[in-house]
**Student:** 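Take this structure first; my questions come after.
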Amino acid sequence: MNIFLFSGDLSHLASIFILLYSIEKNKSINGLSLKTQALYVLVYLTRYLNLFYKFYSLYNSLLKVFFILSSVYTVYIMTIKYQKTITNHVDTFPVKYLVGGSAILALIFNLKFSFLEIFWSFSLWLEAVAILPQLFILQRTGEAENITTHYIFSLGLYRALYIPNWIYRYYAELHFDYVSVLAGLAQTAIYSDFFYIYYTKVMKGKKFELPV
């Protein structure tokens with residue numbers, strides 16, 4: 001554990017609470033991508049296959065359980081509680097390419113060609129691109145509520161904070177997971193344009209808007 005990893009985890013937790021608060025506050029999922037949330041369920045289920053037989057720490061186990069349950073709960077309220085507000089006409093990103101591409105990358109880039117390692121690598125690559133359906137909605141609509149952009153920003157910041165964590169672990173522990181680094185850098189790059197617009201718009205008190 002180090003300050004970068006802990007800060008990243010806090011940002012990740014914050015993104016989930018912001019998302020759930022936004023849904024309940026607006027009584028709607030308008031502007032949110034169900035596909036992105038469904039992909040996150042797949043990310044956590046494939047990443048934490050070792051939850052019930054390999055123990056690292058109570059902190060680690062609690063986070064794993066929370067991420068799985070919160071992602072499933074988010075999809076539940078989006079499809080059951082607020083299903084009438086689903087925006088299928090804009091949430092049209094072809095996610096089969098994201099899943100298929102992540103599967104191919106997992107077979108090529110992995111630390112060990114084993115069942116668990118391939119699924120672990122798959123979850124990393126899929127997480128890197130899971131936000132694309134949500135960003136696609138922002139691009140199509142051209143705007144979003146600031147609370148929605150806070151959610152996306154917190155989610156992107158969580159992964160960006162893992163970059164100094166990897167650097168720290170390399171020098172302090174001689175630990176280097178090249179798959180995590182590659183996927184994390186790709187994910188941060190995907191968020192780069194959003195970060196810029198978030199800074200120039202939302203951080204300065206303006207509404208988040210894009211040219212449609």
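From a predicted model like this one, the values you see are computed outputs, not experimental measurements.
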**Student:** Show every donor-acceptor pair shorter than 3.5 Å between a side-chain atom in residues 39-47 and any protein atom, with sequence neighbours excluded, or say none if there are none.
**Tutor:**
{"unit_1": "Tyr44", "atom_1": "OH", "unit_2": "His12", "atom_2": "NE2", "d": "2.8"}
{"unit_1": "Thr46", "atom_1": "OG1", "unit_2": "Leu42", "atom_2": "O", "d": "2.7"}
{"unit_1": "Thr46", "atom_1": "OG1", "unit_2": "Val43", "atom_2": "O", "d": "3.1"}
{"unit_1": "Arg47", "atom_1": "NE", "unit_2": "Ser123", "atom_2": "OG", "d": "3.0"}
{"unit_1": "Arg47", "atom_1": "NH1", "unit_2": "Glu127", "atom_2": "OE1", "d": "3.1"}
{"unit_1": "Arg47", "atom_1": "NH2", "unit_2": "Ser123", "atom_2": "O", "d": "3.2"}
{"unit_1": "Arg47", "atom_1": "NH2", "unit_2": "Glu127", "atom_2": "OE1", "d": "2.7"}

**Student:** Report yes if some heavy atom in the side chain of Thr92 is under 4.5 Å from a heavy atom in the side chain of Arg140; otherwise report no.
**Tutor:**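 Yes, side chains in contact.
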**Student:** If you round to the nearest 0.5 Å, how far is CG of Leu135 from OG of Ser33?
**Tutor:**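 Spacing of OG (Ser33) from CG (Leu135) equals 9.5 Å.
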**Student:** Any donor-acceptor pair under 3.5 Å linking the side chain of Ser121 with the backbone of Ile118?
**Tutor:**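 No: the side chain of Ser121 does not pair with the backbone of Ile118.
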**Student:** When you look at CZ of Phe66, are more than 12 heavy atoms from neighbouring residues, nucleotides or ligands closer to it than 6.0 Å?
**Tutor:**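 Yes, enclosed.
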**Student:** Using the rule given for side chain to side chain contact (heavy atoms under 4.5 Å, CB included), can you reason through Gln134 versus Gln139, listing the C-alpha separation, both sets of side-chain angles and the distance that settles it, and then say yes or no?
**Tutor:** CA-CA 9 Å; Gln134 180 63 69; Gln139 185 63 48; over 6 Å; no
**Student:** Tell me if a side-chain donor or acceptor on Asn110 pairs with a main-chain N or O of Ala106 at a distance below 3.5 Å.
**Tutor:**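 Present.
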**Student:** To the nearest 0.5 Å, what is the distance between CD1 (Ile16) and CD (Gln37)?
**Tutor:**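 So the CD1 of Ile16 and the CD of Gln37 are separated by 9.0 Å.
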**Student:** With a 4.5 Å limit on heavy-atom distance, are the side chains of Tyr82 and Glu24 in contact?
**Tutor:**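 In short, these two side chains touch, coming nearer than 4.5 Å.
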**Student:** Linking I/L/V/M/F/W/Y whenever any side-chain heavy atoms sit under 4.5 Å apart, do Trp120 and Ile108 land together?
**Tutor:**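 Linked, Trp120 and Ile108 end up in one cluster.
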**Student:** Scan the side chains in residues 95-105 for donor-acceptor partners under 3.5 Å anywhere in the protein, sequence neighbours excluded, and list what turns up.
**Tutor:**
{"unit_1": "Ser102", "atom_1": "OG", "unit_2": "Leu98", "atom_2": "O", "d": "2.7"}
{"unit_1": "Ser102", "atom_1": "OG", "unit_2": "Leu126", "atom_2": "N", "d": "3.4"}

**Student:** Can you find a heavy atom in the side chain of Thr149 that is under 4.5 Å from one in the side chain of Phe153?
**Tutor:**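 Not touching, per the 4.5 Å side-chain cut-off.
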**Student:** To the nearest 0.5 Å, tell me how far Thr200 OG1 sits from Ile197 CD1.
**Tutor:**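 So the OG1 of Thr200 and the CD1 of Ile197 are separated by 6.5 Å.
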**Student:** For the residue pair Phe67 and Tyr48, does the interplanar ring angle fall in the parallel (under 30°), tilted (30 to 60°) or perpendicular (over 60°) class?
**Tutor:**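 Parallel.
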**Student:** Between Ser15 and Tyr158, is there a side-chain heavy-atom distance shorter than 4.5 Å?
**Tutor:**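 With C-beta onward as the side chain, the pair stays apart.
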**Student:** Could you see if Val65 belongs to whatever hydrophobic cluster contains Phe52? Use Ile, Leu, Val, Met, Phe, Trp, Tyr and a side-chain cutoff under 4.5 Å.
**Tutor:**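 Result: yes, single cluster for both.
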**Student:** Looking only at non-hydrogen atoms, find the nearest pair between Tyr56 and Asn60 and report the distance.
**Tutor:**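 Closest heavy-atom pair between Tyr56 and Asn60: CD1-OD1, 3.8 Å.
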**Student:** Hydrophobic clustering (ILVMFWY, side-chain heavy atoms < 4.5 Å, transitive) - are Leu34 and Val90 grouped together?
**Tutor:**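 No; Leu34 is not reachable from Val90 via cluster members.
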**Student:** So, the side chain of Asn26 versus the backbone of Ile23: is there a donor-acceptor pair under 3.5 Å, distance only?
**Tutor:**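 Answer holds: no.
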**Student:** Return the set of residues passing side-chain contact (heavy atoms from CB on, under 4.5 Å) with Tyr53 (not counting sequence neighbours), or none when no residue passes.
**Tutor:**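 Partners of Tyr53 by the side-chain contact (heavy atoms from CB on, under 4.5 Å) criterion, ordered by chain and then number, come out as Asn50, Leu116.
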**Student:** Do you know which two heavy atoms are closest between Leu157 and Ser11, and how far apart they sit?
**Tutor:**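 Heavy atoms only, the tightest pair is CB-OG, 3.6 Å.
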**Student:** Hey, is OH on Tyr196 packed in by over 12 heavy atoms from elsewhere, all under 6.0 Å?
**Tutor:**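 For Tyr196, atom OH is not crowded (no more than 12 foreign heavy atoms under 6.0 Å).
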**Student:** Pick out which of Ile131, Asp91, Ile137 makes a side-chain contact (heavy atoms from CB on, under 4.5 Å) with Thr36.
**Tutor:**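 That would be Ile131; it is the only one of Ile131, Asp91, Ile137 passing the side-chain contact (heavy atoms from CB on, under 4.5 Å) with Thr36.
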**Student:** Is a side-chain N or O of Ser7 found less than 3.5 angstrom from the main chain of Ile3, in a donor-acceptor match?
**Tutor:**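 Confirmed, Ser7 side chain pairs with Ile3 backbone.
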**Student:** Between the side chains of Tyr59 and Asp9, is a donor N or O closer than 3.5 angstrom to an acceptor N or O?
**Tutor:**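 Looking only at side-chain atoms, Asp9 and Tyr59 do form a donor-acceptor pair, the distance falling under 3.5 Å.
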**Student:** Please list every donor-acceptor pair under 3.5 Å in which a side-chain atom of residues 163-170 meets a protein atom from a residue at least two apart or in another chain.
**Tutor:**
{"unit_1": "Asn165", "atom_1": "OD1", "unit_2": "Asn2", "atom_2": "ND2", "d": "2.8"}
{"unit_1": "Arg169", "atom_1": "NE", "unit_2": "Glu173", "atom_2": "OE1", "d": "3.1"}
{"unit_1": "Arg169", "atom_1": "NH2", "unit_2": "Glu173", "atom_2": "OE1", "d": "3.2"}

**Student:** Would Ile80 and Met78 show up in the same hydrophobic cluster when neighbours are defined by side-chain heavy atoms closer than 4.5 Å?
**Tutor:**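 Same cluster: Ile80 reaches Met78 through Ile, Leu, Val, Met, Phe, Trp or Tyr contacts under 4.5 Å.
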**Student:** How far does OG of Ser70 sit from OH of Tyr76, to the nearest 0.5 angstrom?
**Tutor:**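 Result: 15.5 Å between the selected atoms.
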**Student:** Are Ile77 and Ile29 packed together at the side-chain level, in the sense that at least one heavy-atom pair is separated by less than 4.5 angstrom?
**Tutor:**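 Sidechains of Ile29 and Ile77: no contact.
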**Student:** Show which side-chain atoms of residues 179-195 pair as donor or acceptor with protein atoms under 3.5 Å away, not counting sequence neighbours.
**Tutor:**
{"unit_1": "Ser180", "atom_1": "OG", "unit_2": "Asp177", "atom_2": "OD2", "d": "2.9"}
{"unit_1": "Thr188", "atom_1": "OG1", "unit_2": "Gly184", "atom_2": "O", "d": "2.9"}
{"unit_1": "Ser192", "atom_1": "OG", "unit_2": "Ala189", "atom_2": "O", "d": "2.6"}

**Student:** Let me confirm one number: the OG-CG distance from Ser57 to Leu62, rounded to the nearest 0.5 Å.
**Tutor:**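 It comes to 8.5 Å.
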**Student:** Can you get from Leu69 to Leu49 by hopping between Ile, Leu, Val, Met, Phe, Trp and Tyr side chains that sit under 4.5 Å apart?
**Tutor:**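 Cluster IDs for Leu69 and Leu49 differ.
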**Student:** Going from CD1 on Ile18 to OG on Ser154, what distance comes out if it is rounded to the nearest 0.5 angstrom?
**Tutor:**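 One gets 3.5 Å once the value is rounded to the nearest 0.5 Å.
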**Student:** How would you list, by chain and number, every residue that makes a ring pair (Phe, Tyr, Trp, His ring centres under 6.0 Å) with Phe115, sequence neighbours excluded?
**Tutor:**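 Phe115 satisfies ring pair (Phe, Tyr, Trp, His ring centres under 6.0 Å) with Phe119 only.
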**Student:** Quick one: are Phe109 and Trp125 in side-chain contact, heavy atoms under 4.5 Å?
**Tutor:**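 Yes. Closest side-chain heavy atoms under 4.5 Å.
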